[in-house]
Amino acid sequence: MRRITSILILSLFLYNTIGFLAIHPFMSMYYKYLGMLRADMPSEEEMIELLIFNKEDIENNKIDFRWIHSREFKYNGDMYDIVTKEETDKQLIFTSSTIQKKRSWKKSLKKESIKIL
């Protein structure tokens, strides 16, 4: 009985592991594709903004600017998704979108974490 249970648990573990390893790369690519699509085609809830930054200001930390990853950055505490990006010798020009819900969600998260502490 013990041997049958051990074999059953081992086979269940191997089945789940192989299934995860087979499906995970495809699901990861699919959700990344959906995220890029959504960033390229903003919805009605999003506000499109044109932002122009001097590269010197970013390098010298004169403004509150931080890259999150290649398609998202943080500026003055707000998160922005990049729709288009142009780069000149002295400037970075972004057409970006921000979701109002994302802003309010982040503020409420900060309030809740302060209450807990």
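One-based numbering along the sequence shown. Worth saying up front: this structure is predicted, and the values here are computed from it rather than measured.
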At what distance, to the nearest 0.5 angstrom, does CD1 of Ile58 lie from OH of Tyr75? 9.5 Å

I'd like to know if Tyr80 and Ile63 are part of one continuous hydrophobic network [Ile/Leu/Val/Met/Phe/Trp/Tyr, side-chain heavy atoms within less than 4.5 Å]. yes

All pairs passing side-chain hydrogen bond (donor to acceptor under 3.5 Å, both in side chains) where residues 86-95 contributes a residue, at least two apart: Lys55-Glu87, Thr84-Thr95

First locate atom NZ of Lys85, then atom CZ of Arg71, and finally report the distance between them rounded to the nearest 0.5 Å. 10.0 Å

Flag, side chain of Ser28 to backbone of His24, donor-acceptor distance under 3.5 Å: no

Interatomic distance, Asn61 atom CG to Arg66 atom CZ [nearest 0.5 angstrom]: 11.5 Å

Pair Phe53 and Trp67, ring centroids less than 6.0 Å apart: no

Does a side-chain heavy-atom distance below 4.5 Å link Leu51 with Phe73? yes

Consider only side-chain heavy atoms of I, L, V, M, F, W and Y, link residues closer than 4.5 Å, and tell whether Leu14 and Ile7 are in one cluster. no

According to a hydrophobic-cluster definition based on side-chain heavy atoms being under 4.5 Å apart (Ile, Leu, Val, Met, Phe, Trp, Tyr only), do Phe26 and Leu34 belong together? no

Other residues, nucleotides and ligands only: do more than 12 of their heavy atoms fall within 6.0 Å of CD1 on Ile4? no

Is there a side-chain contact between Met29 and Tyr33 in this structure, where contact means two heavy atoms from C-beta onward sitting under 4.5 Å apart? no

Between OG1 on residue Thr5 and CG on residue Leu10, distance to nearest 0.5 Å: 12.5 Å

